[in-house]
Participant: 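The following block contains the structure, expressed as structure tokens.
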2 protein chains.
Amino acid sequence: MPKKKEVHPERTRIGDRIARWTIPREDILDLLIRTQQHLTAKEIYAALNPLNPDMGLTTIYRTLELLDTSGLIRKIYTGDGQARFEYKRADHADHHHHLICSVCGKILNYRDFEKEELDLVRKTEEILARKHGFLIRDHNIEFLGLCGDCRSGGKRSTIPGR
Amino acid sequence: MPKKKEVHPERTRIGDRIARWTIPREDILDLLIRTQQHLTAKEIYAALNPLNPDMGLTTIYRTLELLDTSGLIRKIYTGDGQARFEYKRADHADHHHHLICSVCGKILNYRDFEKEELDLVRKTEEILARKHGFLIRDHNIEFLGLCGDCRSGGKRSTIPGR
DNA sequence: CCTTGTAATGATATCCATTATCATTATAAA
DNA sequence: TTTATAATGATAATGGATATCATTACAAGG
Ligand SMILES: [Mn+2]
Ligand SMILES: [Mn+2]
Ligand SMILES: [Zn+2]
Ligand SMILES: [Zn+2]
């Protein structure tokens with residue numbers, strides 16, 4: 001008996017932007033939803049290759065572009081020369097900020113201080129709109145520093161240039 | 001009478017990292033100090049070429065790397081595929097955040113809410129240090145949205161991909 | 001000033017992430 | 001099952017940034 005075709009419920013968020021829901025799209029979205037990491041296109045390729053060796057890197061790039069444009073994922077630039085991606089819920093309930101180690105490149109999500117941050121962000125958005133005529137749509141906040149491992153002079157990065 | 005060689009006072013911030021203070025270094029640093037914009041290597045090249053046609057793009061990249069490592073400038077990634085640079089005072093008195101138009105790519109500096117922001121950032125840093133063992137060194141905050149021009153459907157970007 | 005060792009430069013080649021092209025494949029509707 | 005074509009994947013091309021290396025010019029000492 002052939003396995004029933006799986007269609008992830010999040011597929012609906014893409015709407016009319018696409019005509020067909022394919023294996024690569026299912027697999028890439030699924031991986032991003034399940035992982036806690038911030039993956040690059042190559043990392044996604046490496047992760048899915050054992051499962052589906054026919055999937056090309058080009059499709060990964062294209063699918064990531066699609067998911068990003070559709071708002072299902074967020075594209076992150078940490079400055080190491082490659083974009084990273086993470087899943088983003090439709091209701092923004094998983095909104096968070098980043099803590100980046102400048103030595104090993106590790107990225108931590110954090111969502112403490114929701115209240116104060118929200119207040120500040122909202123207030124700032126108002127002022128910026130009034131003073132500069134901007135319509136604020138989103139924000140990025142990131143803290144840069146040294147993670148525990150790198151503070152204790154321990155581990156070295158495997159990321160070139162860190 | 002030969003013109004006295006100019007050496008920018010900020011040169012001292014680089015310290016022993018270099019042995020010679022050269023024309024390109026003087027010109028690039030000077031340009032970044034004087035401009036209000038966030039320039040790419042190519043933009044710097046274009047700006048300085050009329051003044052000094054012998055300066056190569058490679059030197060621009062190398063000098064920017066030097067200035068960044070020395071803490072005189074800040075490297076910014078806005079996601080359009082090229083790094084941008086801005087001058088950074090030693091006393092951090094010019095610390096600010098960014099307002100980025102997602103349509104035309106315009107970048108605005110803003111420094112409102114110094115007090116509230118400072119409080120929040122300090123508080124956040126403490127918690128992050130305690131909970132995640134991070135030593136915070138810096139932070140980036142950016143707001144994304146539509147600038148006045150792009151809200152009114154006016155100007156289009158000259159930046160490819162926006 | 002002049003000389004000189006070498007840091008810095010710039011032309012060029014190379015790297016590498018991302019995008020463009022295009023023939024082939026496979027989805028989904030009929 | 002058929003079929004129109006969206007989507008894929010191999011490949012080439014693009015473009016920002018870096019590596020190489022012969023040449024230049026800074027600055028210290030004479
Ligand atoms: Mn995250
Ligand atoms: Mn700025
Ligand atoms: Zn680390
Ligand atoms: Zn704009």
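Given the structure is predicted, the values throughout are model-derived calculations rather than measurements. Naming: A, B, ... by sequence-line order, numbering from 1 per chain.
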Participant: Just the rounded figure in Å: distance from P of dC15(C) to NZ of Lys42(A).
Facilitator: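 Lys42(A) atom NZ is separated from dC15(C) atom P by 13 Å.
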
Participant: Whole Å only: how far is the CG atom of Asp16(B) from the P atom of dA7(C)?
Facilitator: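 Whole-Å distance recorded here is 13 Å.
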
Participant: To the nearest Å, give me how far apart CD1 (Ile60(B)) and C1' (dT18(D)) are.
Facilitator: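 These atoms are roughly 15 Å apart.
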
Participant: Would you say Thr40(A) places a side-chain N or O within less than 4.0 Å of OP1 or OP2 belonging to dA17(C)?
Facilitator: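 It does not, given that no N or O in the side chain of Thr40(A) lies less than 4.0 Å from OP1 or OP2 of dA17(C).
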
Participant: With a 4.0 Å cut-off on N to O distance, would you call Arg34(A) and Asp30(A) a salt bridge?
Facilitator: yes

Participant: Trp21(B) has a side chain; which of dA27(D), dA7(D), dT9(C) sits nearest to it?
Facilitator: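 Nearest listed nucleotide: dA27(D).
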
Participant: Nucleotides 20-25 of chain D: which of its N/O atoms have a protein N/O under 3.5 Å away?
Facilitator:
none

Participant: Atom CG of Asp80(A) and atom P of dT18(D): how far apart are they, to the nearest Å?
Facilitator: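 Interatomic distance, CG of Asp80(A) to P of dT18(D): 12 Å.
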
Participant: Among Gln37(A), His96(A), His95(A), Gln36(A), whose side chain to side chain donor-acceptor pair (under 3.5 Å) with Asn109(A) holds?
Facilitator: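 Considering Gln37(A), His96(A), His95(A), Gln36(A), a side chain to side chain donor-acceptor pair (under 3.5 Å) with Asn109(A) is found only for His96(A).
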
Participant: How many whole angstroms separate atom CZ of Arg17(B) from atom P of dA7(C)?
Facilitator: 17 Å

Participant: Take the protein atom CG of Asn49(B) and the nucleotide atom P of dG10(C), then report the distance between them rounded to whole Å.
Facilitator: 11 Å

Participant: CZ of Arg25(A) versus P of dA28(C): gap in Å, rounded?
Facilitator: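 Computing the Arg25(A):CZ to dA28(C):P distance gives 10 Å.
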
Participant: With side-chain hydrogen bond (donor to acceptor under 3.5 Å, both in side chains) as the test, would you mind laying out the steps for His38(B) and Glu86(B) before giving the verdict?
Facilitator: CA-CA 5 Å; His38(B) 305 79; Glu86(B) 68 179 348; 3.0 Å; yes

Participant: In whole angstrom, what separates Ile28(B)'s CD1 from dT9(C)'s C1'?
Facilitator: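 These atoms are roughly 11 Å apart.
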
Participant: Closest to the Ala19(A) side chain: dA7(D), dA17(C), dT8(D)?
Facilitator: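 The closest nucleotide is dA7(D).
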
Participant: Is Thr22(A) near enough to dT27(C) that one of its side-chain N or O atoms lies under 4.0 angstrom from OP1 or OP2?
Facilitator: no

Participant: Please check the phosphate of dT18(C) (OP1 and OP2 only) for any side-chain N or O of Tyr61(A) closer than 4.0 Å.
Facilitator: yes

Participant: With side chains defined as the heavy atoms from C-beta onward, is the minimum distance between Arg25(B) and Ile18(B) less than 4.5 Å?
Facilitator: yes

Participant: Should the ring pair Phe143(B) and His139(A) be called parallel, tilted or perpendicular, given that the plane angle runs from 0 to 90° and is split at 30 and 60?
Facilitator: tilted

Participant: Should we count CZ of Arg111(A) as having more than 12 external heavy atoms under 6.0 Å?
Facilitator: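 Enclosed.
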
Participant: Within this structure, what is the CD1-OG1 distance for the pair Ile73(B) and Thr63(B), rounded to the nearest 0.5 Å?
Facilitator: 9.0 Å

Participant: How would you label the contact of Ile18(A) with the nucleic acid (heavy atoms, under 4.0 Å): base, sugar-phosphate, or nothing?
Facilitator: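 Sugar-phosphate, no base atom in range.
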
